[in-house]
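Side chains are part of it too, since the values below use all heavy atoms of this structure and drop only hydrogens, waters and symmetry mates.
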Amino acid sequence: MMHSRHLTATTLRAIRPTRLLSTVPSWATLDPASLGSSPQPHAVCNLVNGRWNSDTEKSITIPNPLDKNAPDVCTLPDTQVGEELQPFIDSMRAVPKSGVHNPLKNVHRYLELGEISRKAGHALSTPDIADFFADTIQKTVPKSRAQAMGEVKVTADFLNNFGGDNVRFLARSFGVPGDHYGQFSHGHRWPYGPVAIVAPFNFPLEIPVLQLMGALFMGNRPVLKPAEKCALVMEQFLHLLHDCGMDKKDVDLLNCQGPVAEKLIVEAPVRLTQFTGSSRVAEMLLEKTKGKVKIEDAGFDWKILGPDVGNVDYVSWQCDQDAYACAGQKCSAQSILFAHDNWEKAGLFDKMQANAATRSLVDLSIAPVLTHTTKSILDHAARLLEIPGAKLLFGGKELENHSIPEVYGAVYPTAVYVPLQGLLKPENFDVCTTEIFGPFQVCTTFKDEGICHVIEACERMSHHLTAAVVSNDVDFQHAILANTVNGTTYAGRRARTTGAPQNHWFGPAGDARGAGIGTPEAIKLVW
């Protein structure tokens, strides 16, 4: 039975698994405990050329995502084209193409940024500051405590990885002997100079921090445009970086709506943008900038369960985590599950349903869907159920007794079964492989002779971010891995699609415009 009791703002404060005593860092400008409960919402500021300000005529109000009757979480500047945007354009235009530093200029900054990264990683590893950011994340993008703390830990580990000399190791040069005595060619990694980062809402700390620090390490001067819903998280992280010694002029923070950010990127001009978000916006930016964008856009991520069944309880638990943790709002979330018939006979779908039934708004293992309404999610389910042979495995209805604002989605974890042959039909394939950024997945089954149809489905999909091959059968693994492409593919009985840490590549494959984050290779590829 799903748990979804009526949650008022007072109830949420009482049951939320956060600290009993709030310890607000000295550099912070907000107390997470007041977000969404104080009648005076936090006012997020812009940062441009080293100066914090909120001097805009209009503002954007962010409602409490859990309770439409509670006070708003924050307001932020709704920066407009014209006098309000001009300081950001001027700031970018002042950055030379050779960057703030490079292997021949201001080389001391490599070590300075290594020390800043070390200090920031240490700070995020301390309980009070980790709790501060986890609390702030939960108030803006509701997710379970474990998920919020996991995001903070990955960010801290990344920062710790690049302490000391590891920033300058990113700029390692190379040399080749010449044609005659005294001739030698040297190659150096040069930054782009003025760059932009357009960050998503779903990981309001981890994704923008990994992108931002990579840009800084290589000598660029970035302007960061965070998602409006969670801009206050990166506002606070910049305060932490300043406390760790970073110059306030190293990064601009722009709060605005999409068209205004586009104006800045095109007019400044910004020489490279790293964009994480929807495919529609990514394609538009690529056209406007003539291709000067590295993208990590949609991810319709598949998991294939091979014929060798084992550890069914664990595999069903991992399927639940991959599809429904963070309310399915991960770019690596399990969007479609191809299960060999043997798994269905072993009771996999029933166990998945039982796991999903333990999720609750009380501990935020169920949470609001911030980019789809309840109606749009349920309409998509209804469209899938029109396919002959399709059936609802579980979910497919609105949460009971909730106060989530109507602009967001509030649905139980949902799985819709579609027969593989029906899924492959041209009139059904697009709807079956449409990403719903929420607690929603399509499930299907196949027999031994149907592996070719599974590979066909993977080949026809348009975005290739993460995937999982759940099998210890070497021949089956090889058949799938050799004939598919993904940025990250996990293989083995414990394979997953989510949980990308800081210690391996994370980014799409099969697209020359794809960006990666987290590793030295990713940073050097992008920045």
Side-chain angles (χ1 to χ4, degrees), residues 295-312 314-323 325 330-346 348 352 418 420-421 423-424 429 432-433 435 441-522 525:
I295 61 172
E296 196 261 274
D297 52 350
F300 190 83
D301 306 302
W302 52 256
K303 178 183 285 183
I304 301 172
L305 309 186
D308 51 319
V309 175
N311 307 100
V312 179
Y314 177 85
V315 171
S316 62
W317 173 83
Q318 188 63 66
C319 286
D320 175 78
Q321 288 290 305
D322 285 343
K330 295 184 179 184
C331 43
S332 56
Q334 177 179 307
S335 302
I336 187 166
L337 176 64
F338 298 91
H340 191 282
D341 279 350
N342 294 344
W343 287 92
E344 184 179 25
K345 294 172 184 174
L348 175 76
M352 287 167 53
V418 178
L420 182 56
Q421 290 302 321
L423 182 152
L424 290 171
F429 190 78
C432 289
T433 56
E435 182 185 22
Q441 64 175 320
V442 172
C443 299
T444 192
T445 55
F446 65 96
K447 301 180 185 299
D448 290 341
E449 61 272 19
I451 294 176
C452 59
H453 299 305
V454 173
I455 293 173
E456 177 192 347
C458 295
E459 179 71 17
R460 287 167 59 184
M461 293 177 197
S462 59
H463 294 83
H464 308 285
L465 184 60
T466 68
V469 183
V470 181
S471 176
N472 287 338
D473 182 318
V474 175
D475 290 337
F476 182 84
Q477 270 193 27
H478 186 268
I480 301 298
L481 295 176
N483 291 286
T484 56
V485 57
N486 294 284
T488 302
T489 304
Y490 300 89
R493 183 65 54 71
R494 297 171 64 88
R496 61 191 184 184
T497 65
T498 64
Q502 74 296 331
N503 65 339
H504 67 62
W505 166 274
F506 186 79
D511 189 334
R513 308 165 302 177
I517 61 173
T519 63
E521 293 79 13
L525 170 74

Engineer: Is the distance between the ring centroids of H453 and F446 less than 6.0 Å?
Structural biologist: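 They do not qualify: ring centres at least 6.0 Å apart.
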Engineer: Please lay out, stage by stage, how T498 and Q334 fare under the test side-chain contact (heavy atoms from CB on, under 4.5 Å).
Structural biologist: CA-CA 8 Å; T498 64; Q334 177 179 307; 6.0 Å; no
Engineer: Please give me the minimum heavy-atom distance between C443 and M352, naming the atom from each residue.
Structural biologist: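 Looking at all heavy atoms of both residues, the shortest contact is SG-CE, 4.2 Å.
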Engineer: Does a donor on one side chain sit under 3.5 Å from an acceptor on the other, for H340 and D448?
Structural biologist: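 H340 vs D448: donor-acceptor pair found between side chains.
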Engineer: Measure the CG-OG1 distance between L348 and T445 for me, rounded to the nearest 0.5 Å.
Structural biologist: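 With rounding to 0.5 Å, CG (L348) is 11.0 Å from OG1 (T445).
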Engineer: Verify the distance criterion only: is there a donor paired with an acceptor across the side chains of D322 and Q318 at less than 3.5 Å?
Structural biologist: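 Indeed, the side chains of D322 and Q318 share at least one donor-acceptor pair under 3.5 Å.
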Engineer: Using a 4.5 Å cut-off on heavy atoms from C-beta on, say whether the side chain of Q441 contacts that of L337.
Structural biologist: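 L337 vs Q441: side chains touch.
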Engineer: Tell me if a side-chain donor or acceptor on T433 pairs with a main-chain N or O of F300 at a distance below 3.5 Å.
Structural biologist: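 Looks like no, no N/O pair under 3.5 Å.
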Engineer: Could you tell me whether the side chain of T488 reaches within less than 4.5 Å of the side chain of L465, counting heavy atoms only?
Structural biologist: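 No - every pair of side-chain heavy atoms lies 4.5 Å or more apart.
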Engineer: If you define the side chain from C-beta out and look only at heavy atoms, does anything of I304 sit under 4.5 Å from V470?
Structural biologist: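 Side chain of I304 against side chain of V470, heavy atoms only: no contact under 4.5 Å found.
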Engineer: Any side-chain heavy atom of T519 within less than 4.5 Å of one from F506?
Structural biologist: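 No, every pair of side-chain atoms sits at 4.5 Å or beyond.
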Engineer: May I ask you to decide if G492's main-chain N or O and N472's side chain share a donor-acceptor pair within less than 3.5 Å?
Structural biologist: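 No; judged by distance alone, with no hydrogens or angles, the pair does not exist.
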Engineer: Could you tell me if the side chain of I480 sits less than 4.5 Å from the side chain of I451, heavy atoms only?
Structural biologist: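 In short, these two side chains touch, coming nearer than 4.5 Å.
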Engineer: Within this structure, what is the CZ-CG distance for the pair F429 and L424, rounded to the nearest 0.5 Å?
Structural biologist: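 F429 atom CZ to L424 atom CG measures 6.5 Å (nearest 0.5 Å).
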Engineer: Using 0.5 Å steps for rounding, measure from the OG1 atom of T489 to the CG atom of N486.
Structural biologist: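 If we round to the nearest 0.5 Å, T489:OG1 and N486:CG are 4.0 Å apart.
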Engineer: Where the side chain of W505 meets the backbone of G507, is there a donor-acceptor pair that is under 3.5 Å apart?
Structural biologist: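 At least one qualifying donor-acceptor pair exists.
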Engineer: Check for a donor-acceptor pair, side chain of D473 on one end and backbone N or O of F476 on the other, with a separation under 3.5 Å.
Structural biologist: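 Yes; judged by distance alone, with no hydrogens or angles, the pair exists.
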Engineer: State, with a plain yes or no, whether a side-chain heavy atom of K303 is found less than 4.5 Å away from one of C319.
Structural biologist: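 Heavy-atom side-chain distance check passes, below 4.5 Å.
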Engineer: Would you say that W302 contacts T466 through its side chain, given a criterion of any heavy-atom pair below 4.5 Å between the two side chains?
Structural biologist: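 With C-beta onward as the side chain, the pair stays apart.
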Engineer: How many angstroms lie between CE in M461 and SG in C432, if you round to the nearest 0.5 Å?
Structural biologist: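 With rounding to 0.5 Å, CE (M461) is 9.5 Å from SG (C432).
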Engineer: For the NE2 atom on H478, are there more than 12 heavy atoms of other groups (residues, nucleotides or ligands in this structure) within a distance under 6.0 Å?
Structural biologist: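 Open.
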Engineer: Less than 3.5 Å apart, any donor N or O on the side chain of T497 or D301 sitting next to an acceptor on the other?
Structural biologist: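 Their side chains do not contain a donor-acceptor pair, so the 3.5 Å distance test is not met.
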Engineer: Around atom CZ of R460, are there more than 12 heavy atoms from other residues, nucleotides or ligands closer than 6.0 Å?
Structural biologist: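 Yes, enclosed.
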Engineer: Return the OG to NZ distance between S335 and K330, rounded to the nearest 0.5 Å.
Structural biologist: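 Output value for this atom pair is 12.5 Å.
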Engineer: Taking the side chain as every heavy atom from C-beta outward, state whether V309 and V312 have any pair of such atoms under 4.5 Å apart.
Structural biologist: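 They are in contact (side-chain heavy atoms under 4.5 Å apart), so the answer is yes.
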Engineer: Counting N and O atoms only, with roles assigned by atom type, does the side chain of W343 sit under 3.5 Å from a partner on the main chain of G306, one being a donor and the other an acceptor?
Structural biologist: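 Checking the backbone N and O of G306 against the side chain of W343, a donor-acceptor pair under 3.5 Å is found.
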Engineer: State the OG1-CD1 distance between T444 and I336, to the nearest 0.5 angstrom.
Structural biologist: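 Answer rounded to 0.5 Å: 7.0 Å.
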